Amino acid sequence: MATEEQSEGLAFHPMEQFKIQPLFNDGPIHWYTITNATLWMAVVLLCVLALFVIGTRGRAIIPSRMQSVAELGYGFVHKMVEDVTGKDGLKFFPYVFTLFCFIVFSNFLGLIPGAFTTTSHIAVTGILAVAVFLAVTIIGFVKHGTHFLGLFWVKSAPLALRPILAVIEIISYFVRPVSHSIRLAGNMMAGHAVIKVFAAFAPLILISGIGIAVTPLSILAIVAMYALEILVAFIQAYVFTILTCVYLRDALHPGH
Amino acid sequence: MANTTTEVAEAAGEAAGQAADAAGQATQSAGMPQLDFSTFPNQMFWLVVALVLIYLVLSKIALPRIAGIVADRQGTITNDIAAAEELRAKAVEAEKAYNKALVDAREEANKIVAEARVDIGKDLDKATAKADAEIAAKSAESVKRIEEIRASAAKNVEDVAKETAEAIVSALGVTADAKSVASAVAARLKE
């Protein structure tokens with residue numbers, strides 16, 4: 001009975017926060033239904049507009065704070081694309097920058113208490129990763145034709161090893177979108193779920209005496225996890241973007 | 001008989017349906033919402049909409065603008081550096097010109113000083129000569145006057161002596177003419 005009460009008092013629903021719900025009614029979720037995911041994607045769009053359009057409207061030589069942040073983001077991704085893919089990769093820069101902006105804003109907005117993290121869903125990151133995968137494959141074949149298959153035929157390896165390496169390379173090539181998407185969604189989901197679990201322990205002080213020790217610990221743990229999540233939010237956006245650049249380089253210069 | 005069979009079948013179907021519903025709800029509430037495939041079309045649709053909009057905003061407005069700003073700034077910096085270089089060169093030139101002017105001015109000043117010294121020397125010589133001449137003239141005049149004074153003094157002495165001698169002679173009761181007294185006095189004065 002006591003344990004039941006406790007488990008009723010301490011509501012563990014770490015996955016509740018990822019639930020997709022319609023915003024305006026409780027009906028079924030059609031493809032066009034406006035849901036909380038839609039809302040937070042719209043917020044991402046608004047943030048992008050605010051930072052990169054309104055923030056740069058002054059076009060100042062000596063930038064305002066907003067404009068310097070926008071320029072910082074621009075320079076960061078621009079340099080990444082240029083360094084990793086080379087000069088000819090810069091024509092894909094808007095696309096890469098779109099991915100980076102969407103992911104970084106989604107991740108950070110998801111850290112607002114009560115917010116919904118669109119990038120914690122495999123459906124979202126899956127689309128992002130598959131789009132990169134398809135784009136890279138198509139660019140590779142359009143630019144290099146069948147030479148693109150040379151990516152799987154490692155010339156620097158001994159001839160006997162090459163077929164085996166080719167099999168490994170092909171598998172790793174097709175695993176890319178999977179790891180690419182699950183890495184991001186998994187990181188986002190795990191961090192948020194852990195915070196939620198710690199948060200569920202926090203009200204223990206209202207229920208039982210042991211809460212005197214548990215509640216401060218859980219609050220401390222939430223703070224620590226939150227700090228870590230801030231780091232992860234940026235790092236995962238960075239990792240997704242730089243991997244996109246690395247895959248693009250494979251498509252543009254399959255020789256290496 | 002047939003009726004009951006259908007009823008049973010219906011009941012079984014209903015139960016199965018409820019069980020399936022319950023199971024579905026259970027998996028939905030307990031499992032990961034990420035694996036609820038019924039929401040996938042919705043998320044994918046809105047994701048594509050969001051990405052296309054962000055892409056359009058960035059590629060049409062934001063990125064060209066930021067690229068322009070960065071290029072402008074680079075241009076401004078390059079221009080400013082060039083201008084600064086030019087100004088520096090000008091400053092070096094100006095310093096050179098200033099130093100040259102300084103040296104010239106010093107030379108000019110030295111020349112003027114030397115000329116002035118020569119002029120002043122000449123003036124000084126002239127003035128000295130004039131002063132010497134004046135002094136000589138004045139001293140000559142003074143000598144003349146002294147001579148005169150001396151002469152008049154001697155004459156006065158002679159007169160006084162003559163008068164005194166005549167007075168003494170008459171006091172002694174001897175009448176003597178003026179001529180002889182004068183000659184006697186003159187003779188005594190010469191001794």
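This structure is a prediction, so every number in the text was calculated from the model and none was measured.
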Q: Would you indicate whether the side-chain heavy atoms of A:Val53 and B:Arg65 approach each other to under 4.5 Å?
A: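 B:Arg65 reaches A:Val53 side chain to side chain.
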Q: At what distance, to the nearest 0.5 angstrom, does CD of B:Gln43 lie from OG1 of A:Thr33?
A: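 Result: 12.0 Å between the selected atoms.
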Q: Assess whether atom CZ of A:Phe234 is packed by more than 12 heavy atoms of other residues, nucleotides or ligands within 6.0 Å.
A: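 Yes.
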Q: Using only atom types and a distance under 3.5 Å, with no angle test, would you say the side chain of B:Gln34 pairs donor to acceptor with the backbone of A:Ser120?
A: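 Yes: the side chain of B:Gln34 pairs with the backbone of A:Ser120.
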Q: Looking at side-chain heavy atoms only, is the closest gap between B:Leu51 and A:Leu128 below 4.5 Å?
A: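 Yes, close enough: below the 4.5 Å cut-off.
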Q: Select, from A:Ala185, A:Ala37, A:Pro63, the one with the greatest count of heavy-atom pairs under 4.5 Å involving chain B.
A: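 Option with the greatest count: A:Pro63.
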Q: Find out whether A:Phe52 and B:Leu63 are in side-chain contact, i.e. whether some heavy atom of one side chain is under 4.5 Å from a heavy atom of the other.
A: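 Of all side-chain heavy-atom pairs linking B:Leu63 with A:Phe52, none is under 4.5 Å.
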Q: Under 4.5 Å from any heavy atom of chain B, what part of A:Ala60 do you find: side chain, backbone, both or neither?
A: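 For A:Ala60, the contact with chain B is made by the backbone alone.
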Q: Of the listed residues (A:Val124, A:Leu99, A:Thr56), which shares the most heavy-atom pairs with chain B below a 4.5 Å separation?
A: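 Most pairs with chain B among the choices: A:Thr56.
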Q: Just wondering, do B:Ile54 and A:Val44 contact through their side chains at under 4.5 Å, heavy atoms?
A: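 A:Val44 vs B:Ile54: side chains touch.
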Q: Side chains of A:Thr38 and B:Asn42, heavy atoms from C-beta outward: is any pair under 4.5 Å?
A: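 Side-chain contact under 4.5 Å: yes.
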Q: Can you say whether A:His121 sits under 4.5 Å from chain B via the side chain, the backbone, both, or neither, judging by heavy atoms?
A: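 It is both, since atoms from each part get that close.
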Q: Are side-chain heavy atoms of B:Met32 and A:Phe18 found at a separation under 4.5 Å?
A: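 The answer is no; the side chains never approach within 4.5 Å.
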Q: Under a 4.5 Å cutoff for heavy-atom pairs, which residue among A:Leu45, A:Leu49, A:Ile62 has the most contacts with chain B?
A: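 Answer, by heavy-atom pair count under 4.5 Å with chain B: A:Leu45.
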Q: Could you tell me which portion of A:Gln67 (side chain, backbone, both or neither) has an atom closer than 4.5 angstrom to a non-hydrogen atom of chain B?
A: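 For A:Gln67, the side chain is the part near chain B, not the backbone.
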Q: Quick one: pull up CH2 in A:Trp31 and CH2 in B:Trp46 and give me the separation to the nearest 0.5 Å.
A: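 One finds 8.5 Å between CH2 of A:Trp31 and CH2 of B:Trp46.
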Q: Using non-hydrogen atoms only, which part of B:Arg73 is less than 4.5 Å away from chain A: side chain, backbone, both, or neither?
A: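 Answer is both: backbone and side chain atoms of B:Arg73 are under 4.5 Å from chain A.
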Q: Hey, what do you get for CZ (B:Phe45) to CE (A:Met41), rounding to the nearest 0.5 Å?
A: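 The distance works out to 11.0 Å.
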Q: Where on B:Leu58 is there a heavy atom nearer than 4.5 Å to chain A: the side chain, the backbone, both, or neither?
A: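 Side chain of B:Leu58 only, per the 4.5 Å heavy-atom cut-off to chain A.
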Q: Is chain B contacted by the side chain of A:Val48, its backbone, both, or neither, given a heavy-atom distance below 4.5 Å?
A: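 Looking at A:Val48, just its side chain touches chain B.
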Q: Could you tell me whether the side chain of A:Thr35 reaches within less than 4.5 Å of the side chain of B:Thr39, counting heavy atoms only?
A: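 Result no, sub-4.5 Å side-chain heavy-atom pair not found.
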